[in-house]
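Handing you a structure now.
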Amino acid sequence: MKSPLKILFLASEADPFIKIGGLGDVAGSLPPALKLLDPAIDIRLVLPFHGAIQRQAYDLRTEAAFEVPFHSGSIRAEALTMNYRGLPVYFIAGEPIAQDAPVYTPDAAFDAWKFTFFSIAALQLARELDWKPHILQANDWHTAVALYALRLNPGDTFQHTATILGLHNLPYMGFGAAPALDAFGIPPASDSALPAWAQHVPLPLGLLAADRIVTVSPNYAREILHPEFSSGLEDFLRLRASAISGILNGIDTQVWDPSQDLTLASQYSVADLESRVPNKTNLQIEFNLPVDPDVPIISLVSRMDPQKGVDLVPNALRQVAHLPWQAVILGTGMAELENVMHQLQEDFPDRVRAAIRFDSPLSHRIYAGSDLLLIPSRYEPCGLTQMIAMRYGCLPVARATGGLVDTIRDADTFNDGTGFLFNLPESLALANALERALSAYQDRAGWEQLQINAMHQDFSWQRSAKHYLRLYHSLSGNG
Ligand code: ADP
């Protein structure tokens, strides 16, 4: 009889414990979806015990306490555990995971110290528990180093472990980590396939060590082989091309379900789009905008970061200023971009509102109450907001890049369109797509059909989890 598949899943964040961005959505949704798909698998999620985790909300018990060696001694680590949706979750605590610091800081050395400690401690936890996983999946630079450390020293516990690096964002590589890597006894790579500048950087080390590299969309797996998206690693990644594939992220269809969503003024479904309207009215009232069900609401729910192309939005809106619309913006990030949004609100006091904060319930109300969501990303490994928006009957206006291409069908190109795509990362291209969308909005029956097309898409984790499970089985020689 085959032994049940054992999977160790490492991430720097996971919803609902702690979420900063899309990685948190994935790490919080994929492991439970895998467990649901095959209850026999033993999948365990390991997270740093960040200060922002609401520890009193969870029934945690200490599972293990151990020393993590580093050059001048060792650091005490403690693993606390609880059960979440059928699987064990471990939180690793220790001095480098400072309780008064945010999950990610601008201090590269500080973050490297935290996440290197975490990565090594997570491996050690499995050793302490004498639990031998078939699969180790690390995610992004924060935990990539675990794959490399395991390759250097698998020991008894990881002798038969196959490794996967989940790639959610290539350019964030963990630069500045060399002192932390040194401190924990992790030498630079000596493999000449990696460029010299990458040989002591966590993400490239993980890319080198992983048996398989899984990007969060099939299109991003292709894009990273090209200089525009490869962050200087195209030659190396091309050498690894046969190990690279993409599995599209899903969304948590329980959390994101307009028919059950209690944060909304009015629940609705694809069969009852009329009930969507009060959410729009409510959004206009909440933001003190003129109440009018016929004026399209354009929204933006995004990190304020150049990656997201949000700097293209003000000029694009100015270029379509002759058309009727209102705009609601939700986001935090770079102060400069936040200020741009404040300025936009000042320039259009009767129709633009900017909420500069992180506010999950508000994001739900925006997806349910607005008509168009702008996603002008310069690159987008997968993107979740377009999938959420479509499920809520809000159509994306997005740049044709990464996972946005895998998930959105342009309404002017396909009969069963679900959104509006544009190619160049320029405000004029965004404005043109927006103009097409605003014109489509004027045809009410046509628009409703687009909403129906979008809401019928299956973006569930069940679909993605099947692909991951197949990969896990094939790698473990178990399938
Ligand atoms: P990324 O992970 O690159 O930021 P994704 O599209 O993959 O982008 O995921 C973003 C997630 O974060 C979505 O769930 C989105 O709703 C949420 N989000 C982004 N900004 C905010 C905000 N200011 N308030 C609430 N939720 C936000």
Side-chain angles (χ1 to χ4, degrees), residues 11-30 52 102-104 139-142 166-172 215-217 219-220 229 246-258 261 263-264 283 286-287 299-310 313 328-335 337-338 341-342 353-370 373-392 394 396-399 401-408 419 459 461 464:
S12 55
E13 53 173 294
D15 194 43
F17 308 106
I18 183 92
K19 168 180 152 179
I20 309 299
L23 172 59
D25 288 289
V26 177
S29 307
L30 175 58
V103 175
Y104 310 117
N139 294 282
D140 278 354
W141 80 263
H142 326 99
L167 191 57
H168 307 251
N169 205 328
L170 180 63
Y172 291 82
T215 63
V216 287
S217 72
N219 193 39
Y220 193 55
F229 299 102
I247 299 178
L248 194 68
N249 277 342
I251 53 173
D252 189 323
T253 46
Q254 283 176 15
V255 173
W256 301 107
D257 179 358
D261 192 333
T263 58
L264 305 185
L283 195 63
E286 177 172 356
F287 278 96
S299 61
L300 179 68
V301 179
S302 179
R303 282 188 290 121
M304 292 291 144
D305 188 283
Q307 175 202 338
K308 297 291 181 181
V310 291
V313 169
V328 170
I329 293 162
L330 172 64
T332 54
M334 278 175 55
L337 290 168
E338 292 178 349
M341 299 306 162
H342 282 307
R353 296 290 180 271
I356 302 302
R357 59 179 187 270
F358 193 94
D359 186 337
S360 273
L362 175 57
S363 73
H364 287 240
R365 296 196 293 277
I366 292 177
Y367 294 122
S370 63
L373 181 78
L374 303 183
I375 317 174
S377 304
R378 291 202 162 74
Y379 71 96
E380 194 57 80
C382 178
L384 299 175
T385 58
Q386 79 279 16
M387 296 194 257
I388 300 169
M390 284 188 260
R391 189 161 160 78
Y392 278 65
C394 168
V397 179
R399 173 147 186 256
T401 186
L404 298 166
V405 172
D406 290 320
T407 49
I408 301 168
F459 293 126
W461 268 112
S464 311

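On a predicted model such as this, the values are computed, not experimentally measured, just so you know. In listed order, ligands and their atoms are each counted from 1.
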Region of Asp25 engaging ligand 1 - heavy atom pairs below 4.0 Å: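 Side chain only.
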Nearest-option assignment for atom 20 (N) of ligand 1, heavy atoms, candidates Pro381, Gly403, Ser302: Ser302
Contact atoms of ligand 1, heavy-atom distance to Gly21 under 4.0 Å: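 Heavy-atom distances to Gly21 below 4.0 Å select 2 (O).
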Heteroatom proximity flag, Asp359 to ligand 1, N/O under 3.5 Å: yes
Those atoms of ligand 1 less than 4.0 Å from some heavy atom in Ser360: 25 (C)
OH on Tyr392 to OG1 on Thr385, rounded to 0.5 Å: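 Output value for this atom pair is 13.5 Å.
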Within reach of ligand 1, part of Tyr367 (heavy-atom separation under 4.0 Å):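 Near ligand 1, Tyr367 shows its side chain, while the N, CA, C and O stay back.
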Between Tyr104 and Ser12: side-chain donor-acceptor atoms closer than 3.5 Å: yes
Arg378 side chain near Thr401 side chain, heavy-atom distance below 4.5 Å: no
Proximity flag Lys308 to ligand 1, non-hydrogen atoms under 4.0 Å: yes
Protein residue, atom and distance nearest to atom 17 (C) of ligand 1, heavy-atom basis: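 Ranking protein heavy atoms by distance from atom 17 (C) of ligand 1, first comes Lys19 NZ, 4.1 Å.
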Residues in salt bridge (Lys or Arg N to Asp or Glu O under 4.0 Å) contact with Asp261, at least two apart in sequence or another chain: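 Salt bridge (Lys or Arg N to Asp or Glu O under 4.0 Å) check on Asp261 returns nothing, list empty.
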Side-chain heavy atoms of Leu248 within contact of Val216, under 4.5 Å: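 Leu248 does not reach Val216 side chain to side chain.
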Between Tyr379 and Asn169: side-chain donor-acceptor atoms closer than 3.5 Å: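 Asn169 and Tyr379 do have a side-chain donor-acceptor pair below 3.5 Å.
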Contact partition for Asn249 relative to ligand 1, non-hydrogen atoms under 4.0 Å: neither
Donor on one side chain, acceptor on other, Gln386 and Thr407, under 3.5 Å: yes
Side chain to side chain donor-acceptor pair (under 3.5 Å) partners for Glu286, two or more places apart: Arg365
Backbone or side-chain N or O of Leu23 under 3.5 Å from ligand 1 N or O: no
Ligand 1 atoms in contact with Gly331 (distance to a heavy atom under 4.0 Å): 23 (N)
Check: Arg357 N/O within less than 3.5 Å of ligand 1 N/O: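 Right, the criterion is met.
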Sub-3.5 Å N/O-N/O distance, Leu384 and ligand 1: yes
